[in-house]
Amino acid sequence: MKVGVVVFPGSNCDRDMYHVLTDVFNINAEYFWHEKGLPKNIDAVILPGGFSYGDRLRAGVIAAHSPIINDVRKMAEKGIPVLGVCNGFQILVESGLLPGVLLKNESLNFMCKWTNLIVENNKTPFTNQFKLNEKIPIPIANGEGRYYVDDDTMKELKKKNQIVFRYSEVVNGSTNRIAGVCNEDGNVVGMMPHPERAVESDINPVDNKPSSLIFESLLTKMGVSK
Amino acid sequence: MASFIVHVTIENKPGINDPEGDTILNDLVLKGTHKTVSKIKAAKMLKFTIKEKDKKSAKSKVQEICDELRIYNPMVSKVTIDVFAVEK
Amino acid sequence: MASFIVHVTIENKPGINDPEGDTILNDLVLKGTHKTVSKIKAAKMLKFTIKEKDKKSAKSKVQEICDELRIYNPMVSKVTIDVFAVEK
Amino acid sequence: MSLEEQELDELKYKIGRNPTSTELQIVAAEWSEHCSYKSSKKHLKMLPMKGPRVINEKGYDSGVLDVGDGYVVTAHIESHNHPSAVEPYGGAATGVGGVIRDILSAGTRPIAIFDGLRFGDIEKDIHARWLFKNAVTGIADYGNCLGIPTIGGEVEFDECYENYAMVDVAAIGFGKKEHLIKNHAKKGDIVVLMGGSTGRDGIGGSQFASDSLESEDRSAVQIPDPFIEKLIIEAVLQARNDGLIHAMKDLGGGGLSCAISETADALEIGIEMDVNKVHTRESDMHPDEIMVSESQERMLIVTSIAKLKKLQEICKKFRIGCSVIGQVKSDNQVHIKKGKKTVANLAADIVANATLLDLPSKEPTYLKTIEIEKKFKPVSDYSKLLMKLIASPNIASKIWVYGQYDHEVGIRTVVKPGTDASVLRLDNGKYLSAKIDGNPKQCYINPREGAIGCFEEACRNVVCTGAKPIGMLDHLQFGNPKDPEIFWTFLESLKGLTAFAKSFEIPCVGGKVSLYNETPAGSIKPTPVIGVIGLIDKKPSVPQKISKDDCLLIIGDTKDELGGSEYFEYIHKFIGGKCPTVNFEDSKKHMKSVLNIIDKNLIKSAHDCSKGGLAIAVSEICMTNQIGCKVSLDKVPGEKLDVDRILFSESHSRYLLSFDKKNLSKIEELLKKNKVSFKQIGQFGDEKIQFIYGSKSIINLDLKKTHRIWLHALPNLVLHGKKSVQ
Ligand SMILES: Nc1ncnc2c1ncn2[C@@H]1O[C@H](COP(=O)(O)OP(=O)(O)O)[C@@H](O)[C@H]1O
Ligand SMILES: [Mg+2]
């Protein structure tokens with residue numbers, strides 16, 4: 001099994017994600033520069049966090065026009081698991097692969113802090129090892145992380161079980177405390193918090209087990225037992 | 001072909017809250033002595049310099065760019081486009 | 001007293017670089033098929049709603065607020081203030 | 001930009017002719033205080049710079065420490081005071097950018113940022129609030145975008161910085177020893193300018209840092225572009241991995257003038273360059289402007305013609321500029337041309353080595369009476385007083401600041417900001433701990449002991465995480481050096497730091513001098529800021545949650561040393577008294593003992609006693625652990641003192657250890673053996689912060705309420721102009 005880590009100019013969590021995939025979970029991972037295409041033999045794609053194009057205009061919007069996004073789109077249509085974390089989530093939203101938008105936090109500031117997620121959908125390739133409503137201690141670090149959708153879309157999201165994670169408390173003003181969503185098929189997931197920062201016990205001050213399940217879910221989906 | 005300056009103003013649609021404008025209003029303006037201000041709305045502006053045959057095509061070209069490249073996010077924002085001829 | 005909408009446009013002074021405008025131009029607009037655009041400048045706009053006796057005092061009041069509260073830094077940015085009467 | 005008259009004469013004498021206008025600009029930039037260190041250099045030599053871990057190579061802008069297993073750590077500190085006072089957002093941001101490029105130029109990846117921020121009294125001064133708020137945003141926007149965690153720092157407010165801003169930034173890098181750039185060049189090599197374009201911004205900048213603010217050149221505003229800097233970092237590290245870099249220097253103060261002349265001088269080569277080859281932002285730039293422009297986000301790289309193509313490919317991938325601007329010659333000349341025409345041609349060593357000054361110094365007269373204390377009104381309610389102190393800007397939690405900084409990116413941050421020093425994990429299984437500290441209030445009262453105190457405090461913070469200090473960075477910030485009284489305070493601080501560094505065998509691996517820090521009201525207080533780097537071989541001491549019945553023990557004597565304390569200055573509005581001094585022998589014993597105890601895994605956490613004294617240190621432990629504590633002031637070791645002095649004295653070398661009762665005897669035994677003065681003074685439990693003397697209650701505060709006030713005091717003040725406690 002092989003996971004592609006997409007790198008844009010300004011991505012800065014790519015190396016963290018790569019480290020976690022390879023050193024912690026023993027997954028075969030490879031970087032893909034945004035101008036390149038993705039090969040056919042990729043089993044999952046991750047868009048890591050960072051500041052693609054310096055977050056100019058709006059976080060994620062310029063990267064959403066990168067050539068590689070066409071390939072990501074094709075893979076998404078084929079049902080291949082795609083995960084966007086933080087800026088990766090913003091890019092997925094701006095490229096239309098996920099619904100909604102991410103606005104400036106209500107505090108108007110960048111926020112770096114630990115919070116808790118609640119799992120709302122345990123059917124995705126990244127959440128199949130969770131119990132519903134399970135709590136995940138995890139850090140967030142973003143300036144534009146306030147998830148917003150209009151009322152009609154929200155109804156759709158609920159109906160189609162597209163809300164994947166919620167914050168356990170009000171963090172940044174997100175609609176319905178949404179922290180992560182998926183597409184209708186459930187194979188494309190975006191989340192603002194950083195699972196790659198929470199899976200190792202020496203940098204996780206609370207409990208690294210829950211966030212590890214995000215990666216173990218992927219392994220399970222691929223039929224790899226750890 | 002002539003040069004035009006096109007102002008693109010991107011602002012939140014009515015009904016979408018604007019914490020930035022509200023904060024400037026509440027924490028700065030109304031804290032002081034400026035009670036005649038009743039609302040502040042924050043927006044972003046991009047000034048394009050573009051060569052097109054006339055005002056009209058300058059405007060439609062920029063509108064096209066804004067829609068196609070998602071210069072604004074239609075779910076939350078709207079744009080206003082104003083064209084000015086460049087003085088020689 | 002009448003209501004006015006006052007637009008405050010804040011942009012980098014000429015000669016000071018504008019990385020945001022440059023990135024939007026080079027990495028977004030010019031990457032596509034829109035070659036007639038030669039420059040993009042990013043600016044910020046605040047739209048004030050204010051009650052003053054006339055246009056002139058609306059303008060000077062907003063200018064005063066911006067200076068006093070340091071809404072912009074005169075060292076780097078220039079502001080343009082435009083006043084519009086609110087249609088009833 | 002101008003040279004002083006005798007400097008101009010000297011230049012004419014040295015080159016035997018009248019300089020051209022470009023030569024004048026180049027020399028004026030390079031001979032400015034900021035670039036040449038002409039006032040301080042002679043004296044800086046006293047600092048010990050060598051040590052078993054220190055790696056010295058010519059032309060490094062940052063210190064290099066060997067941390068074993070083939071890895072090195074680099075470190076540097078800089079300030080951006082003048083630019084931040086004028087444009088706090090851009091000034092602070094480009095300050096981060098500059099120090100990051102220093103780390104990069106050694107060939108290491110930047111892995112951490114620290115920021116020291118000082119402004120006027122934000123309770124009264126709206127302008128100081130504006131400066132503070134924007135400087136924090138500037139640092140956040142820059143560091144966050146780079147993906148380098150800002151993991152620590154300090155924030156302080158003092159009236160002496162009215163209308164001014166002190167923004168210090170330190171950075172740490174990490175890499176393989178074999179990847180260090182060896183800085184060499186030979187005839188025929190080429191000189192490449194990489195990164196952003198050269199514009200008119202920042203013209204006059206480094207001169208500006210050496211002038212007082214009144215005569216500032218207001219065009220010296222720099223616009224930060226962290227996105228380009230991020231691309232430069234990745235491009236440079238790629239080029240490093242591919243072995244494409246012979247020598248490298250970042251462009252900082254003085255722009256190309258300094259980079260070219262210092263590179264030529266350090267490598268003992270000549271450089272011939274053509275200003276027409278520089279990629280400029282505007283088409284009509286004069287050679288003088290190109291040579292002194294301080295446009296940010298640029299690096300100078302020396303490579304060979306054979307390697308150029310690969311370097312250009314890398315730059316193209318990362319969409320950054322890459323211009324061949326010159327060649328290496330064997331004549332030791334800095335030869336600047338515009339096309340075919342020579343605009344400057346000077347010997348590199350003349351440009352790069354300004355004549356060093358030996359400025360006069362004289363003990364300031366104010367020091368003669370500063371230790372005399374005045375009588376204060378007796379305190380009627382210590383609970384209220386402590387609450388007021390907890391809500392004061394200098395003591396209140398700084399979470400509003402570091403919460404805006406991504407301090408987790410890079411996934412190394414083991415101990416996060418919020419307690420003492422922060423800790424990073426390294427790739428060789430070891431851990432790095434670091435903290436910066438300053439204390440202008442104490443340095444004003446006693447420049448020597450104050451500076452030593454900053455050094456010891458930074459060490460203490462690092463020791464609290466279980467790390468042994470292995471290197472120090474000093475940043476010496478003072479007023480106008482031509483004033484003999486100010487220069488005396490500079491020398492005293494330097495001598496103090498030197499004595500401490502030598503005695504503790506902590507080499508100085510880098511530093512910076514920033515002079516002419518003056519406000520319209522006069523000179524700032526002496527503001528040395530000291531960074532200490534510590535190394536942990538095994539496990540760091542990550543604070544564990546304290547629970548009911550755990551013990552609190554203090555190491556070190558509390559002395560009658562309240563000069564410069566928050567208690568004197570904030571509560572009594574009094575500047576003066578006796579400043580705390582460090583007893584070197586005690587200090588060493590205490591460090592050793594704390595490290596010993598941590599090593600034996602006997603405690604849950606260690607916290608040092610500093611700003612605000614014992615009362616604040618205990619409160620901080622309670623608040624961060626969400627548990628109350630009852631402390632007996634009569635048990636606190638030291639001479640017999642009044643209650644307020646025990647509570648608020650800022651005596652050094654003190655540590656508070658929190659641990660499970662069962663370890664008490666082992667800890668006591670170890671401390672006795674090490675002949676350390678200590679005492680168990682309290683016990684945790686309940687939801688009250690309590691201080692008693694004998695059976696008398698002195699302070700009794702509700703934990704939850706105190707915690708809330710501590711957390712929100714700073715944002716309430718900065719964002720809403722609201723004081724939390726009157
Ligand atoms: N400007 C800042 N940037 C980042 N972290 C900060 C800043 N100011 C304070 N902190 C963090 O807050 C905590 C408390 O700071 P401080 O009171 O200076 O510590 P100490 O008294 O131990 O030196 C530390 O972890 C410190 O790194
Ligand atoms: Mg401390």
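Residue numbers start from 1 in every chain, and the chains themselves are labelled A, B, ... in the order their sequence lines are given, proteins ahead of strands.
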Worksheet item: Taking the side chain from A/Asp16 and the backbone from D/Val409, do they hold a donor-acceptor pair closer than 3.5 Å?
Response: no

Worksheet entry | D/Cys145 to A/Gly54 - nearest heavy-atom pair and separation | SG-CA, 4.1 Å

Fill in: Side-chain donor or acceptor of D/Lys416 paired with backbone N/O of A/Ile203 under 3.5 Å
yes

Practice prompt. Let me know if A/Arg15 has heavy atoms under 4.5 Å from chain D in its side chain, its backbone, both or neither.
Written response: side chain

Worksheet, complete the sentence: Tightest non-hydrogen contact, residues D/Pro226 and A/Arg56, listed as CD-NH2, 4.1 Å

Worksheet item: Is the number of heavy atoms from other residues, nucleotides or ligands under 6.0 Å of D/Lys604 NZ greater than 12?
Response: yes

Worksheet item: Short question: side chain of A/Asn109, backbone of D/Thr137 - any donor-acceptor pair under 3.5 Å?
Response: no

Practice prompt. Select one option (side chain, backbone, both, neither) describing which atoms of D/Asp141 are under 4.5 Å from chain A's heavy atoms.
Written response: neither

Item to complete: Determine the minimum heavy-atom distance between D/Leu231 and A/Pro9, stating which atoms define it.
Response: CD2-CB, 3.8 Å

Practice prompt. Check whether more than 12 heavy atoms from other residues, nucleotides or ligands sit under 6.0 Å from atom NZ of D/Lys430, and answer yes or no.
Written response: yes

Worksheet item: For D/Lys545, does the NZ atom have more than 12 heavy-atom neighbours from other residues, nucleotides or ligands under 6.0 Å away?
Response: yes

Worksheet entry | Nearest heavy atoms of A/Trp114 and D/Glu408, plus distance in Å | NE1-OE2, 2.5 Å

Item to complete: Could you tell me whether A/Glu35 and D/Arg319 make a salt bridge, using a distance below 4.0 angstrom between a side-chain N and a carboxylate O?
Response: no

Item to complete: Could you tell me the separation between the CG atom of A/Asp202 and the CZ atom of D/Arg425, rounded to the nearest 0.5 Å?
Response: 4.5 Å

Worksheet item: Looking at CD of D/Gln404 and CG of A/Asn105, how far apart are the two atoms once the value is rounded to the nearest 0.5 Å?
Response: 10.5 Å

Fill in: Output field: ring centroids A/Phe51/D/Phe227 closer than 6.0 Å
no

Worksheet entry | D/Lys317 atom NZ: more than 12 heavy-atom contacts under 6.0 Å | yes

Fill in: Side chain / backbone / both / neither for A/His19 at chain D, heavy atoms under 4.5 Å
side chain

Worksheet item: At a heavy-atom separation under 4.5 Å, does D/Ile411 approach chain A through its side chain, its backbone, both, or neither?
Response: both

Worksheet item: So what's closer than 4.5 Å to chain A heavy atoms on D/Tyr142: side chain, backbone, both or neither?
Response: neither

Fill in: Interface moiety of A/Ser11 toward chain D, non-hydrogen atoms closer than 4.5 Å
backbone

Practice prompt. Give, for atom SG of A/Cys13 and atom CG of D/Asp406, the distance between the pair rounded to the nearest 0.5 Å.
Written response: 7.0 Å

Worksheet item: Which region of D/Leu146, side chain (C-beta onward) or backbone (N, CA, C, O), has a non-hydrogen atom less than 4.5 Å from a non-hydrogen atom of chain A, or is it both or neither?
Response: backbone

